[in-house]
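Chain letters run A, B, ... following the sequence lines, proteins first, then strands; residues in each count from 1. Please read all numbers here as calculations on a predicted model, not as lab measurements.
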Amino acid sequence: MKDTLHGIFADTLNRLRDQGVLPANTTIDVRFEQPRQKDHGDLATNVALTLAKSAGMPPRELAHSITEALPDTPLIRKVEIAGPGFINIFVAPAAQFDVVKRIRREGEHYGRCGLGEGRRVLIEFVSANPTGPLHVGHGRGAAYGDTLGRVLTAAGYDVEREYYVNDSGRQMDILALSIWLRYLQACGQSLAFPNLAYQGDYIKQIAAQLRQSDGDAFIRTLDETHLKQLGADNETSLDALIKWMRDLLGNADYQTVLGTGRSRLLDDIRSDLEEFGVSFDRWLSEQSLRDSGALERTIKRLQQSGHTYEKDGALWFRSSDFGDEKDRVVVRESGMPTYFAPDIAYHLNKFDRGYDLMIDVLGADHHGYIPRVKASVQACGYESSRLHVKFVQFAVLYRGGKKISMSTRRGEFVTLRELREEVGADAARFFYVQRKPDQHLDFDLDLAKSQSNDNPVYYVQYAHARICSVFEQARDRGMEARVPDDAALEVLGEEHELDLAKLLTRYPDVVANAARNFDPHQIVYYLRELANGLHTYYNAHRFLESNIERRNARLALIDATRQVLFNGLSMIGVSSPSSM
RNA sequence: GCGCCCAUAGCUCAGUUGGAUAGAGCGUUGGCCUCCGAAGCCAAAGGUCAGAGGUUCGAAUCCUCUUGGGCGCGCCA
């Protein structure tokens, strides 16, 4: 319907241009929106306002010329000029319900569009270090990234999801050390556990598993000086301990300890995300970039770009050439690359793979890091504008009105798994996606759990279940519960019915807009509106009435509503129960 | 100190390429089940869109400044 109107207006404006009312170079771009107020019509456009200046006439006068030139169409009941020059269109009631047929025809495809034109998009998200289980902060990134993927897919993009595994470097050494020390403790050795090592109980579990699979293979004799360092609470001692461990274990045993921890934690992360409805097309390992030589090649490539120099024995990248506030070290004085180096390699790898669009979903604490990453890809000759970064703020949990304090370092944090077990995956996803990612999120556990009208998840799901229940009722009463395809929609026309149809019409725009702005939360707000539209209609009218024609028309309308509720809930990864 | 993000109803937040009288949920108050699911609906109350300038037909939205919060600024990751 909107498309048809769009065509009518475009034709009309083109005609006016040919007639010389509008200048020859005018670009015709008509947009319609649903006005907030009903007396402003069903759709309104501000073309007369936007074109007034170039046409050299007052907006209202131009609006008058446009409406005069509009052809007769059964679609439009009435056209009015209002305010400074808005053209308000009152659509014929019968045309409003065409959307019902379209939804019933398109089913799960209703809401999709060709906005993306098949462009390839890579979304990298979560990418939590495999040094522990995912916590609720990662959960938000997971929900956002996955939902964004679903939205972009619906909008016609070719989406790939990727998890970048930071499985090399010092943090993995600390992981190995933590596991090994717990292992030694489990083998009966009495030793202190460093505060800077990973504290969580999961480390003990991995150590126990190691002992079960490899017995006493990793027991080593300890010496006094290192035993003392276990109690020292500083990074230098930790590095000394790591070196000590690697010497004592030898490379093969060290790799076994590390590899066991790495794979165990990644398995845990993977299954956690699967249960959360999040899956990835690719898990790309940092270590693999080192092993394949990509890291070395990247450093060479950067040097060849002419944007590096040596200072104090280190290799610097002149990122300030590209707007970064200062230059960055890529290779340390010691010859070891900084953490920045593999990240450059990873991003070049992404660009090399030829995506039209790349989206990094990162924790908000990484924002200062982006200018140097963009600088590095630019230095290597790529358009950094193809890389978009969305920052996700941390979620703060509340229970009983009180903030739950968390500390990753102390191993005191609520895991994503615990959250799912407590409130359920549906509520968790709904609450996460409800907010714009760059806003702080107050996550009220009591509210997410409550099976009451306070809980927005149930509110939307209830609307879906309610419709299913109506059809159930119809069957029980021996009515024909299948809606005939030729249901006479023209018998509809109650105000609530028109409101609902308008809401249904909006859905594809909502999806397109969410995709355009990378803002999945718009889906959530829309679903609440749609659920409200259904509930209101439900309370005002009976569907299962004796007039068969009207009953079927109403069933067709609410079945279309059910479909859109389902499509929208699926889009955010939440289930659509038929009863609750 | 410099940079990025943010400030909308008592609380939590929508409001996106600048549009008409700024919306929703919660909370408060008052109504609605002999009737398809009351996990629902209806109504009322609640605002200097942090403040001050500017841009224009028109600003919560764009620009500048001020105030008040969050984060970042390492040869850590």
hbond_proxy A/His367 side chain to B/C71 base (donor-acceptor, 3.5 Å cutoff): yes
Is the phosphate of B/G37 approached by A/Gln473 (side-chain N or O, under 4.0 Å from OP1 or OP2)? yes
Please give the nucleotide sitting opposite B/A44 as a Watson-Crick or G-U wobble pair, both distances under 3.5 Å, or none. B/U28
In whole Å, measure the gap between the C1' atoms of B/G74 and B/G68 for me. 30 Å
Tell me whether the OP1 or OP2 atom of B/C41 has a side-chain N or O from A/Tyr459 closer than 4.0 Å. yes
May I ask you to say what A/Asp519 touches in the nucleic acid, namely base, sugar-phosphate or nothing, with a heavy-atom cut-off under 4.0 Å? base
Who is the Watson-Crick or G-U wobble partner of B/A77, with both distances under 3.5 Å? none
When the P atoms of B/A14 and B/G58 are considered, how many whole Å apart are they? 29 Å
Heavy-atom nearest nucleotide on RNA chain B taken for A/Ala465 and for A/Arg435; more 5' hit belongs to A/Arg435
For A/His521 and B/G15, is the shortest distance between a side-chain N/O and OP1 or OP2 below 4.0 Å? yes
Given the P atoms of B/U16 and B/C76, what is the spacing between them in whole Å? 44 Å
With a 4.0 Å cutoff (strictly under), does any side-chain N or O of A/Arg332 reach OP1 or OP2 of B/C76? yes
Opposite nucleotide pairing with B/A7, Watson-Crick or G-U, both atom distances under 3.5 Å: B/U67
Looking at every strand, decide which applies to A/Asn166 at a 4.0 Å heavy-atom threshold: base, sugar-phosphate, or nothing. nothing
Between A/Leu503 and A/Tyr526, the two heavy atoms sitting closest are O-OH, 2.7 Å
What integer number of Å spans the C1' atoms of B/A22 and B/C49? 8 Å
What is the nucleic acid contact for A/Asp173, judged by heavy atoms within less than 4.0 Å: base, sugar-phosphate only, or nothing? nothing
Is the shortest side-chain N to carboxylate O distance from A/Asp559 to A/Arg562 below 4.0 Å? yes
Quick one: label A/Arg328 by what it contacts on the DNA or RNA (base, sugar-phosphate, nothing), any heavy atom closer than 4.0 Å. nothing
Quick one: label A/Gln434 by what it contacts on the DNA or RNA (base, sugar-phosphate, nothing), any heavy atom closer than 4.0 Å. nothing
For the side chain of A/Tyr462 and the base of B/A39, is some donor closer than 3.5 Å to an acceptor across the two? no
Less than 5.5 Å between centroids and less than 30° between ring planes, does A/His40 satisfy that with B/A20? yes
Is A/Gln522 touching bases, backbone alone, or none of the nucleic acid, heavy atoms closer than 4.0 Å? base
May I ask you to say what A/Tyr525 touches in the nucleic acid, namely base, sugar-phosphate or nothing, with a heavy-atom cut-off under 4.0 Å? sugar-phosphate
Spatial distance of atom CZ (A/Arg550) from atom CG (A/Leu492) [nearest 0.5 Å]: 9.5 Å
Look at A/Lys436 and B/C5 and indicate whether a side-chain polar atom (N or O) is within less than 4.0 Å of OP1 or OP2. no
Considering every strand and a 4.0 Å limit on heavy-atom distances, what is the contact class for A/Met336: base, sugar-phosphate, or nothing? nothing
Aromatic rings A/Phe317 and A/Phe340: how do their planes relate, parallel, tilted or perpendicular, breaks at 30° and 60°? tilted
Please determine if A/Glu422 and A/Arg399 form a salt bridge, counting it only when a charged side-chain N lies under 4.0 Å from a carboxylate O. yes
What is the nucleic acid contact for A/Thr536, judged by heavy atoms within less than 4.0 Å: base, sugar-phosphate only, or nothing? sugar-phosphate
Side chain of A/His366, base of B/G72: donor and acceptor closer than 3.5 Å? no
Watson-Crick or G-U counterpart of B/C62, or none if no pair lies under 3.5 Å: B/G54
Taking any strand in view, what nucleotide pairs with B/U17 in a Watson-Crick or G-U wobble way, both distances under 3.5 Å? none
Side-chain donor or acceptor of A/Asn46 under 3.5 Å from a matching atom on the base of B/G19? yes
May I ask you to test the A/Leu22-A/Leu62 pair for a side-chain heavy-atom distance under 4.5 Å? yes
Stacking between A/Tyr369 and B/G72, defined as ring centres under 5.5 angstrom apart with planes under 30°, is that present or not? no
Tell me whether A/Glu162 is salt-bridged to A/Lys350, with the criterion being a basic N under 4.0 Å from an acidic carboxylate O. no
Report yes if at least one side-chain N or O of A/Asn129 is closer than 4.0 Å to OP1 or OP2 of B/A77; otherwise report no. no
Listed nucleotide nearest any side-chain atom of A/Arg477, set B/C36, B/G19, B/C13: B/C36
Suppose you measure atom C1' in B/C41 against the same atom in B/C57; what distance do you get, rounded to whole Å? 42 Å
